[in-house]
Amino acid sequence: MLRRIFLALLLPAVALLGCTNGGDAPPAPSASETPAASAAAPDANAVLNDVVAALGAGNLTSITYSGTAWRIRNSFMQTPNASPPWPSRDEITNYRRTIDLSAPASLATGETFAQNLFLEPPVAGRYTQNIPADRTAWSDQLEIWLTPWGFVQGAKNNGATASRRTVDGTQYTVLSWQSPATQTAPSGLRYTVNGYIGADNLPARVETWVEHPFMGDFHVVQVYSGYRDFGGVKVPATIEQQRGGGGIFGVNVTAATANPADLTALLTPPPPPAGPGGPPGGGGPPTPPPVTAEQLAPGVHLITGGYVALVAEFSDHVLVFEAGQSEARGQRILDEVKQLVPGKPIRYIVNSHPHSDHTAGLVPFIREGATLVTHVNNVDFLRMALSTPRTLLGEPTLNPQLRGVDGVTVFEDATMRVELHSVPNGHTDGMLVAVVPSARTLFQADFTLPQPGATANPFVVTLANYVDANNVQFERYLAVHAAPMPQTRAQLLATIGK
Ligand SMILES: [Zn+2]
């Protein structure tokens with residue numbers, strides 16, 4: 001049953017996203033995976049031995065490789081467009097990664113020269129991905145187990161089963177293994193890893209799933225091609241990691257060494273950059289500030305104490321704009337709305353834009369049955385994400401209702417009017433701001449005004465030009481990221497000299 005639900009939901013999502021690897025959907029993560037008994041079922045041990053031999057991994061305990069890498073600009077779910085492919089990439093030069101297969105542990109370093117989300121000029125920076133042996137979460141360790149060498153090590157450690165599958169017309173022998181019984185998801189399920197072995201006995205792609213509060217059973221895939229021999233060990237010339245249906249990170253390998261002599265040095269992370277702002281001291285996560293509500297006008301409230309949400313009360317329902325930066329914050333906002341406006345259902349939850357810190361709080365509202373209103377450009381991705389099974393979290397699959405909007409969309413009854421304006425810009429192609437005439441308010445996310453005397457970023461300028469060109473009327477300029485002082489329409493227009 002689990003498998004059927006997963007297949008039914010995964011296949012449309014994959015087709016929607018144009019993923020080229022969806023020809024044969026993988027099984028759901030499952031505690032009791034039983035391979036189909038078949039006369040043609042390959043012998044898993046024989047397959048594994050062939051793969052180890054083809055990789056030259058018989059005596060491999062560690063490996064280091066280098067070249068250039070790339071990553072999507074910013075990070076997953078912080079991209080200018082919601083659905084893949086994500087075209088904006090930043091190069092990582094002097095990339096080197098070292099993996100100790102027995103610890104297991106991994107360190108990757110490199111140099112970046114990247115632009116941020118607010119379109120400011122690119123700056124030099126450092127890339128570091130450090131997974132020391134004490135980071136045992138699957139979300140970290142999968143970065144090791146998905147590599148060709150990590151995959152075979154995991155198969156040796158945990159035992160594997162074998163089957164045959166055809167993907168996009170190519171037949172693969174699939175070796176599958178599961179995490180140890182001591183390493184399980186919140187649901188108690190073990191994690192599944194599948195390696196797709198080509199006719200050359202080399203892994204062409206390796207996949208797993210990890211629990212994610214927004215993405216559910218989050219599918220992570222690494223794709224390999226162009227294996228070359230480096231001193232007896234085969235290393236793919238190109239590596240690409242895909243999440244959410246698209247490539248997010250890749251490497252072009254130009255050099256590699258098996259069992260490097262200086263392993264300890266290679267696994268020692270560089271010191272943090274000089275200057276203030278080092279890692280904070282211990283003490284656990286800070287206590288969230290108390291949730292408070294402020295009435296802007298009759299039936300219009302701001303919920304503060306974290307990412308700010310706006311609440312508009314209609315005659316028989318409520319609309320909420322923004323759901324907070326985490327599932328916990330979303331739940332606190334939802335609870336506060338129920339106290340503020342008892343007895344009226346939350347019919348609409350409006351998402352300003354699809355970046356992860358503006359979508360993480362949506363899940364409690366989807367559970368509540370609210371319709372998610374978002375820009376049309378975000379609908380495919382958000383529907384895929386919110387429809388994905390949540391077996392690793394131990395939660396039922398959500399049943400999201402989505403409504404895509406564009407241009408100006410008005411929600412209005414006898415008591416309330418809320419306008420949603422789509423504002424094209426370079427931060428995201430799926431951005432909505434809310435105008436509430438009765439509160440003389442424009443409410444927005446991420447269009448943060450510059451500090452006094454500083455130049456506005458090009459992103460803020462797009463909103464100022466939009467407001468000016470369309471004569472959008474309001475007085476108060478309010479933000480999901482609360483400003484320390486009240487802000488106004490006049491201050492927004494000042495950024496374009498009006
Ligand atoms: Zn954003």
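Just so it is clear, the values below take in all heavy atoms, side chains as well, and ignore hydrogens, waters and symmetry mates. Everything quoted here is computed from the prediction, not taken from an experiment. In listed order, ligands and their atoms are each counted from 1.
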Residue set satisfying side chain to side chain donor-acceptor pair (under 3.5 Å) with Gln295, at least two apart, ordered chain then number -> none

Taking the Zn ion (ligand 1) as the vertex, what is the angle from NE2 of His353 to OD2 of Asp446, given to 10 degrees? 90°

Quick one: side chains of residues 478-488, donor-acceptor pairs under 3.5 Å with protein atoms, not counting sequence neighbours, listed by atom name and distance.
unit_1	atom_1	unit_2	atom_2	d
His481	NE2	His358	NE2	3.4
His481	NE2	Asp446	OD1	2.6
Thr488	OG1	Ala490	N	3.4
Thr488	OG1	Gln491	N	3.2
Thr488	OG1	Gln491	OE1	3.4

I'd like the atom name of the N/O/S atom in His427 lying closest to the Zn ion (ligand 1). NE2

If I consider every N, O or S atom in His355, which one ends up closest to the Zn ion (ligand 1)? I only need its name. ND1

Near Arg367 CZ, under 6.0 Å, is it more than 12 heavy atoms from other residues, nucleotides or ligands? yes

Taking atom types as modelled and ignoring hydrogens, do the side chains of Thr388 and Asp217 form a donor-acceptor contact shorter than 3.5 angstrom? no

